[in-house]
Protein chains: 2
Amino acid sequence: MEARRDVFQAIADPTRREIINILAHRSMNLNSVAENFDISRPAVSKHIKILNECGLVVIHKKGRERYCQANPASLIEVWEWANQYRAFWKEKLDALELLLKEEYKENIEKK
Amino acid sequence: MEARRDVFQAIADPTRREIINILAHRSMNLNSVAENFDISRPAVSKHIKILNECGLVVIHKKGRERYCQANPASLIEVWEWANQYRAFWKEKLDALELLLKEEYKENIEKK
DNA sequence: ACAATTAGTAACTATTCAGTTACAAATATA
DNA sequence: TATATTTGTAACTGAATAGTTACTAATTGT
């Protein structure tokens, strides 16, 4: 379980996306995170390790506990990647929408 | 090479992201796509099959050739997922920026 | 008709991945 | 001090992944 480690690979797993969702607005220790899933605690621990290694989750040690929280900054990379295509697809969809509206209008006029 | 097939898993692979990039603005047949990579043509064919199965690439048959193009609509899912956290990270980063500015100001005043 | 081009797929391999259980280390509590 | 809690990690398993080569099918060009 070692090799490529980037944000895109990290968010490919649905469990990890769910962990990000849970940790997005509040800090939580590892056991509490694990309670939300059917998989074992070590499995969740590994997921959090991966998320931490690519910066998606930050960890604050407090005694024997480790409080985890989603790190907003690292999500920018994903947003920016998707967003670069946004202008492009928006243009296409706007054209489609316009087309559908025209067709709708024509149908109304026929009546 | 079969099972989960969703947009997030599809874009996890760097080769597939590069294929999307290449096919974002122009249509291209499979061999032409393959020329951009060091891997074999069948390997590229499989990547495109995966991209097609989750809607990220559309294929138009024309004789023996198959013209491939990135499909903007399916990328929205990724954009929306990342964007839901945007307000959150923006808030955090603005706070950080403000903090740095304050520190900078203080340093200026000390001189 | 024959040769060349374009592409899909089968069969195989090596690596990575997500999960498990078992154990050890550190900290907190009785 | 003894015990319970929180966590990380090692060792293992089975499935998925990304790649390969070899082959076939369909279409195009000579």
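Just so we're on the same page: letters track the sequence lines, and every chain starts at 1.
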Is A:Asn31 near enough to D:dT5 that one of its side-chain N or O atoms lies under 4.0 angstrom from OP1 or OP2? no
Give a yes/no on whether any side-chain N or O of B:His47 is located under 4.0 angstrom from OP1 or OP2 of D:dT17. no
Interatomic distance where CG belongs to A:Leu30 and C1' belongs to C:dT27 [whole Å]: 15 Å
Provide, to the nearest angstrom, the distance between the NE2 atom belonging to B:His60 and the C1' atom belonging to C:dT6. 18 Å
Is there a donor and acceptor pair, one atom on the side chain of A:Arg64 and one on the base of D:dT6, closer than 3.5 Å? no
I want to confirm an ordering. Mapping A:Ala43 and A:Lys62 to their closest nucleotides on DNA chain C, which one lands closer to the 5' end? A:Ala43
Nearest whole Å is fine: how far is C:dG19 C1' from A:Ile50 CD1? 12 Å
How about A:Gln69 and A:Tyr67: does a side-chain donor come under 3.5 Å of a side-chain acceptor? no
Provide, to the nearest angstrom, the distance between the CG atom belonging to A:Asp38 and the P atom belonging to C:dA18. 17 Å
Quick note, A:Glu65 side chain, CB onward, closest among D:dG19, D:dT7, C:dT20 is D:dT7
Atom CZ of A:Arg41 to atom P of C:dT21: distance rounded to whole Å? 12 Å
What is the distance, rounded to the nearest whole Å, between atom CG of B:Asp13 and atom P of C:dT16? 14 Å
Quick one: does any side-chain atom of A:Asn29 pair with a main-chain N or O of A:Ser32 as donor and acceptor, under 3.5 Å? yes
Please state how far atom CD in B:Glu53 lies from atom P in D:dA16, giving the value in whole angstrom units. 14 Å
What integer distance in Å separates B:Lys49:NZ from D:dG19:P? 16 Å
Does D:dG19 have OP1 or OP2 sitting under 4.0 Å from an N or O in the side chain of B:Ser40? no
Could you please spell out the steps behind the side chain to side chain contact (heavy atoms under 4.5 Å, CB included) verdict for A:Phe37 and A:His47? CA-CA 12 Å; A:Phe37 299 92; A:His47 281 307; over 6 Å; no
Pair A:Asn21, B:Tyr85 - check side chain to side chain contact (heavy atoms under 4.5 Å, CB included), show working. CA-CA 9 Å; A:Asn21 185 43; B:Tyr85 299 106; 3.6 Å; yes
Taking D:dT6, C:dA7, C:dG19 as options, the one with an atom nearest any side-chain atom of A:Asn29 is D:dT6
How long is the span from the CG atom in A:Leu23 to the CG atom in A:Asn36, to the nearest 0.5 Å? 9.0 Å
Is any N or O donor-acceptor pair between the side chain of A:Lys46 and the base of C:dT20 shorter than 3.5 Å? yes
Examine C:dC17: is either OP1 or OP2 under 4.0 Å from a nitrogen or oxygen in the side chain of A:Gln9? Give yes or no. yes
